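This report refers to the structure that appears directly beneath it.
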Amino acid sequence: MSIVITLPDGSKREYPAAITALELARDISERLADAALAAEINDQLCDLDTPITEDARVEIHTFRTDKGRELYWHSTAHLMAQAVKQLFPDVLVTIGPAIEQGFYYDFDREEAFSDEDLARIEARMKELIKQDLPYHRTELSKAEAVKIFKERGERYKLEILDEIPDGDIISTYTQGDFIDLCRGPHIPSTGKIKAVKLLKTSGAYWRGDEKNKMLKRIYGISFPSKKDLKQYLDFLEEAAKRDHRKLGKDLDLFSINDEVGAGLVLWHPNGAMIRHLIETYWKEEHLKNGYKLVYTPHVGRSKLWETSGHLGFYQENMYAKMEVENQDYYIKPMNCPFHLSIYNANHHSYRELPVRLAELGTVYRYERSGVLHGLMRVRGFTQDDAHIICTPEQVSDEVEKLIVFSLDLLRHFGFKEFLLYLSTKPDAAVGKDADWAMATQSLQASLEKLGLEYDVDEGGGAFYGPKIDIKIKDAIGRAWQCTTIQFDFNLPERFDMQYIGADNAAHRPYMIHRAVLGSVERFFATLLEYHGGNLPLWLAPLQLLILPITDAQIDYCKTLQERFLQSGLRCEIDYRSEKIGYKIREAELKKIPFMCIIGKKEAEEGTLSLRRHTQGDLGTMDMEQALTIIRSENENL
RNA sequence: GCUAAAUUAGCUCAGUUUGGUAGAGCAACUGAUUCGUAAUCAGUAGGUCGGGGGUUCGAAUCCCCCAUUUAGCUCCA
């Protein structure tokens, strides 16, 4: 009886008897057999030596597939645990999964792993790779597994075993002297790992719970070639160059200092100019799209925060209360209660809805000291907040408009790729099921109507409503969350919001809470990292710098500056008596988009020599030609 | 908050192992130079070594506490 194997491309192969996945790969090609890591037989991921005994769909996984990479890294994590156990026999192993980029393994050890330890572990891993130890799968009963790990004193493994139902078959993987409880599959042998690098160590709570013991984690990554590893390390270096904290310092955009306080940002003139341009654009676009701008205070009475519920469920993130004339006040961690108070200041007819209230609202939240990170995570930040209050009939239209508006706004900043997520009802939630269903459905319908791809985060919504998040995809593959569009079934109740319908009765409106940029701080950081500091021309604090070669050209430079300023460009002259090469170098380091080099020749001819940052010399031309080039990057000039 | 590492001139860093009161490059300032597409030369000035306490004849260096930063964990715009 022969068996028929169907490959992912639909092609079929027939074999007279059962063969292993590895034999199948070898039959397809030697190269595939060499690259093969594991097989997926009828959607079941398994080791390469698994026999295929009947007709099946089979996919061979290599490092090129997501699943292949994942188990490659997982196998490397096992290898690292083996090296650690050999070098530090007293250390207990816990778990070691693959992550998006590489793997980690958590160990129970009193001391932290030092850099020297890492180097030793890495060296031992390389020895074990040379030995080309096979990963051997063993299936056994729970009792047998308990016996094995009890003998070895691996109490974390026993804890995991304890949670597995008694009847289940358990698998272990052994390579050399190391045995680990593992579902698998794994790569055939350690020799498949050609390049490995241990990257860093840190603490991590057992099972991710801060009440548990803190374990010592080691992160690493591995590749099937040294070249791939080098490429990855280069990528990390590139990411470091784009770090907004470094760019913020180099370009003199912002600072954060001890004396002012952690997580509180000082915006320097250059950064403030960029922020001003972002905010001005943001306001204009909101006004064009039917939003009303509002301003609200930075503090509010405790009564307000009781009504909103923040004192109940958010107090640990709020700054402590302050007392003035026997009244308690809190600094605002959110703008919503103020916006809703504005709505509630008047009666509203259904004819006025939707009401869209927008504000660049600065809030303060107490964030635990360990989470602060440059501008990405701060304690005082400005949300580009808006609340849309509408009737049930208006919901789907509003959601659709919002998605389009958000994407348009983001694209204007040069962002091109987006990742969209729809988050649905979590277990603990407020609001009626019917409302959740309706809101979730209108979010989903809008995404589909617009033909946008999105992922569903099941149960990932806020307790008060479902949401859509938009993340921006970076030039080097990282994703940054900005936009969030959230329904809120909680606050309209708490604030007893109403509108008068056509039936002359009071109704509860729907409310959507949204931020497009997220926070100005995080957005600014994302913008910097995305563009590597080379902002689009319209956002550059200084757009053009005129560089006279000698003092003799200064008067001519001033007439040019006048023309550029009249065209709406932000333009300055570098008067210093430095050599032209030096002035150009400085302007390049400051990432000034355009440079205008003026020597004797240009002054006599009435021309100018234009240079574009990142491109170099564009040649000699007259003013009109220069403006044409500059306008091609920004039609508003 | 937790685990670990770090904090020295405006910036980037050396000096800490083996205690003997600080050093470089860039930037700044002064002077010279007037130059053609990423660094001209010379000179000057700049630091109670994150803060506080302790050990010591003597602390940037050793010990303790605190603050901040970084990498993670947990949490989030």
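Protein chains get the first letters and strands the later ones, always in sequence-line order, with residue 1 at the start of each. On a predicted model such as this, the values are computed, not experimentally measured, just so you know.
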Do we see A:Phe381 stacking on the base of B:A77, given a limit of 5.5 Å between centres and 30° between planes? yes

Tell me if the aromatic rings of A:Phe88 and A:Phe113 count as close, with their centers under 6.0 Å from one another. yes

Would you say the side-chain atoms of A:His244 and A:Glu529 include a donor-acceptor pair closer than 3.5 Å? yes

On a whole-Å scale, what distance lies between the [atom1] atoms belonging to [N] and [M]?
{"N": "B:C66", "M": "B:A6", "atom1": "C1'", "result": "16 Å"}
{"N": "B:U16", "M": "B:A60", "atom1": "C1'", "result": "7 Å"}
{"N": "B:U12", "M": "B:U8", "atom1": "C1'", "result": "12 Å"}
{"N": "B:A24", "M": "B:A42", "atom1": "P", "result": "15 Å"}
{"N": "B:G47", "M": "B:A5", "atom1": "C1'", "result": "24 Å"}
{"N": "B:G52", "M": "B:A28", "atom1": "P", "result": "32 Å"}
{"N": "B:U17", "M": "B:U30", "atom1": "P", "result": "41 Å"}
{"N": "B:C64", "M": "B:U55", "atom1": "C1'", "result": "11 Å"}

Quiz item: [X] side-chain donor-acceptor pair to [N] base, under 3.5 Å:
{"X": "A:Glu367", "N": "B:G1", "answer": "no"}
{"X": "A:Tyr205", "N": "B:G1", "answer": "yes"}
{"X": "A:Ser577", "N": "B:U33", "answer": "yes"}
{"X": "A:Arg368", "N": "B:U74", "answer": "yes"}

Tell me, please, whether A:Tyr421 has A:Lys471 positioned over its six-membered ring: NZ or CZ under 6.0 Å from the ring centre and within 45 degrees of its axis? yes

Could you tell me whether the phosphate oxygens of B:A77, OP1 or OP2, come under 4.0 Å of any side-chain nitrogen or oxygen in A:Thr484? no

Among the candidates [options], find the nucleotide nearest to the side-chain atoms of [X].
{"X": "A:Lys579", "options": "B:G1, B:G72, B:C35", "result": "B:C35"}
{"X": "A:Met214", "options": "B:C2, B:A71, B:G36", "result": "B:C2"}
{"X": "A:Tyr582", "options": "B:U69, B:G72, B:U40", "result": "B:U40"}
{"X": "A:Arg377", "options": "B:C35, B:A77, B:A71", "result": "B:A77"}
{"X": "A:Arg585", "options": "B:G72, B:U68, B:A39", "result": "B:A39"}
{"X": "A:Lys600", "options": "B:G72, B:G36, B:U69", "result": "B:G36"}
{"X": "A:Ile256", "options": "B:G72, B:G36, B:U69", "result": "B:U69"}
{"X": "A:Val371", "options": "B:C73, B:G36, B:A39", "result": "B:C73"}
{"X": "A:Lys249", "options": "B:U37, B:C11, B:G72", "result": "B:C11"}

Using 4.0 Å as the upper bound for N to carboxylate O, is an ion pair formed by A:Arg207 and A:Glu163? yes

Output yes when A:Glu398 and A:Arg356 qualify as a salt bridge under the 4.0 Å nitrogen-oxygen rule, no when they do not. yes

Can you list the steps and then say if A:Asp385 with A:Asn335 is a side chain to side chain donor-acceptor pair (under 3.5 Å)? CA-CA 7 Å; A:Asp385 216 349; A:Asn335 301 299; 2.9 Å; yes

Of A:Arg365 and A:Tyr219, whose closest RNA chain B nucleotide lies nearer the 5' terminus? A:Tyr219

Let me know, please, whether A:Ala204 or A:Asp617 comes out on the 5' side of the other along RNA chain B by nearest nucleotide. A:Asp617

Counting only Watson-Crick or G-U wobble pairs whose two distances fall under 3.5 Å, which nucleotide matches B:A14? none

Given the rule in the ring-ring contact (aromatic ring centres under 6.0 Å, His included) test, do A:Tyr319 and A:Tyr330 qualify, once you have shown the distances and angles that lead to the verdict? CA-CA 7 Å; A:Tyr319 274 85; A:Tyr330 287 87; over 10 Å; no

Under 4.0 angstrom, heavy atoms only, what part of the nucleic acid is A:Glu578 near: base, sugar-phosphate, or nothing? base

Describe the nucleic acid contact of A:Gly581 in one word from base, sugar-phosphate, nothing, applying a heavy-atom distance below 4.0 Å. sugar-phosphate

